[in-house]
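Just so it is clear, the values below take in all heavy atoms, side chains as well, and ignore hydrogens, waters and symmetry mates. Values in this document were obtained by computation on a predicted structure and should not be read as measured data.
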Amino acid sequence: MDADTRDLLRDSVRALFAADTTDLLAELDEMGWAEVVSDDEAAAVDLLFTEQGRAGAASAALDDVLTSAAGAGGNPVVVHPLAWPQSAVHAGRLVVDGVVLHAPRDREALVIRGETTGFLVTDWSAEAAGGFSPSSGLHRVRLDLPLDDVHPVALDASQAIAAARRALAAELIGNAGAMLDLAADHVTQRTQFGRPIGSYQSVRHRLADAYAQVEAARELVGVAWASGSAWDARVSKAYAGWAAETTAAACMQVCGAIGLTSEHALGRYVARARVLDALYGGWEDAIHDIGEHLLGEAGR
């Protein structure tokens, strides 16, 4: 994808998010999104999720990314994990605790299990998730069903999860970029002792460090898109989650108490980053797993 095409596509996607459309996937279909993805999937998906993160928007686009990579047909609603792994089989029963990304529809739900297996669930329900991020669009799904009541399907779970992690990493980067923009505007406009807050070295250094970490995360996501490997996808998402957490802390510090209020946009982005990081393994757990793996490899 050349630079001019990327700029045009970015403007179109930003316009969709600015319009606050209720069905992003339908709007993308109308603009010929399938053709864009077929031409350059990595660039298109990376751009879409980066802009979704920057807009602080919620959509079911991750479902399409995951089911496409998994080779799952039938357009199911995907149950995404709150913890990792997301599902378990005990005594002939499927036990699930997860979320769906949009209001449930009259469709089967897909639960990923292991590397090559998933389950399609026909009889399921969900409740809107509240908590500290009521605008997340999440619906909680809890299942405890006999295996006779679900339908096993063969799929490439490893590639599906890797695709989801790359998309979420891009969204975390867009989210962190939006937080930095909000903080930069704040420290430019607010003054202390007759000077803009942003003129003080401590403020500038804190935001500069966060910016450097976000840009490093962006480079890692680019590597993950280029390699297509599940390992690179996990590393890039873990680093993007860490970068978003670092950025949130820096921005909340320089914005002060106003950044913690419901009237200020920063809090919404901070809460959204926590949700994105939790899906398919949060960064804190991931770095321990990655470290243990590397130490194990070094000891061989």
For a 4.5 angstrom cut-off between non-hydrogen side-chain atoms, does [X] reach [Y]?
{"X": "Val100", "Y": "Trp124", "answer": "yes"}
{"X": "Phe119", "Y": "Leu145", "answer": "no"}
{"X": "His186", "Y": "Val254", "answer": "no"}
{"X": "Leu25", "Y": "Asp64", "answer": "yes"}
{"X": "Ile112", "Y": "Leu66", "answer": "yes"}
{"X": "Trp33", "Y": "Leu48", "answer": "yes"}
{"X": "Ser236", "Y": "Val223", "answer": "no"}
{"X": "Val150", "Y": "Leu120", "answer": "no"}

**Message:** Less than 4.0 angstrom from a charged side-chain N to a carboxylate O is my criterion; do Asp46 and Arg166 meet it?
**Reply:**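 Looking at Asp46 and Arg166, the cut-off is not met.
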**Residues Arg274 and Glu245 bridged, charged N to O under 4.0 Å** =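 Here Arg274 pairs with Glu245 in a salt bridge, since their nearest N and O are under 4.0 Å apart.
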**Asked** If you draw a 6.0 Å radius around CZ in Phe17, do more than 12 non-hydrogen atoms from other residues or ligands fall strictly inside?
**Response** yes
**Request:** Answer yes or no: are there more than 12 heavy-atom neighbours, outside Glu127 itself, under 6.0 Å from its atom CD?
**Result:**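 12 or below, so no.
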**Prompt:** Does the gap between the ring centers of Tyr280 and His80 come in under 6.0 Å?
**Reply:**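 Judged by ring-centre distance (under 6.0 Å), Tyr280 and His80 do meet the cut-off.
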Find out if a path of hydrophobic residues (ILVMFWY) with successive side-chain heavy-atom gaps under 4.5 Å connects [X] to [Y].
{"X": "Leu276", "Y": "Ile287", "value": "no"}
{"X": "Val235", "Y": "Val214", "value": "no"}
{"X": "Trp231", "Y": "Trp225", "value": "no"}

I'd like to know if the side chain of [X] reaches the main chain of [Y], judged simply by a donor and an acceptor atom lying under 3.5 Å from each other, with no hydrogens or angles considered.
{"X": "Ser68", "Y": "Val65", "value": "no"}
{"X": "Tyr269", "Y": "Ala248", "value": "no"}
{"X": "Lys237", "Y": "Val221", "value": "no"}
{"X": "Asp156", "Y": "Ala70", "value": "no"}
{"X": "Asp63", "Y": "Val78", "value": "yes"}
{"X": "Arg107", "Y": "Asn75", "value": "yes"}

**Message:** Please tell me whether Ser59 and Gln52 have a donor and an acceptor in their side chains that are separated by less than 3.5 angstrom.
**Reply:** yes
**Request:** Report the C-alpha distance between Asp7 and Arg10 in whole Å, list the side-chain angles of each, state the deciding distance to 0.1 Å, and finish with yes or no for salt bridge (charged side-chain N to carboxylate O under 4.0 Å, His left out).
**Result:** CA-CA 5 Å; Asp7 289 343; Arg10 182 182 293 109; 3.0 Å; yes
**Prompt:** Going by the angle between their ring planes, with limits at 30° and 60°, are Trp283 and Trp242 parallel, tilted or perpendicular?
**Reply:** tilted
**Request:** Evaluate the criterion side-chain hydrogen bond (donor to acceptor under 3.5 Å, both in side chains) for residue pair Thr188 and Asp185; output intermediate values, then yes/no.
**Result:** CA-CA 5 Å; Thr188 300; Asp185 287 344; 5.7 Å; no
**Asked** Sequence neighbours excluded, which residues qualify as salt bridge (charged side-chain N to carboxylate O under 4.0 Å, His left out) partners of Asp144?
**Response** Arg93
**Request:** Test Arg272 against Glu171 for salt bridge (charged side-chain N to carboxylate O under 4.0 Å, His left out), laying out the working first.
**Result:** CA-CA 10 Å; Arg272 181 70 180 164; Glu171 189 168 354; 3.3 Å; yes
**Item:** Separation between CG of Leu8 and CG of Asp11, rounded to the nearest 0.5 Å
**Value:** 6.5 Å
**Request:** Enter the distance from Leu182:CG to Met252:CE here, rounded to the nearest 0.5 Å.
**Result:** 12.5 Å
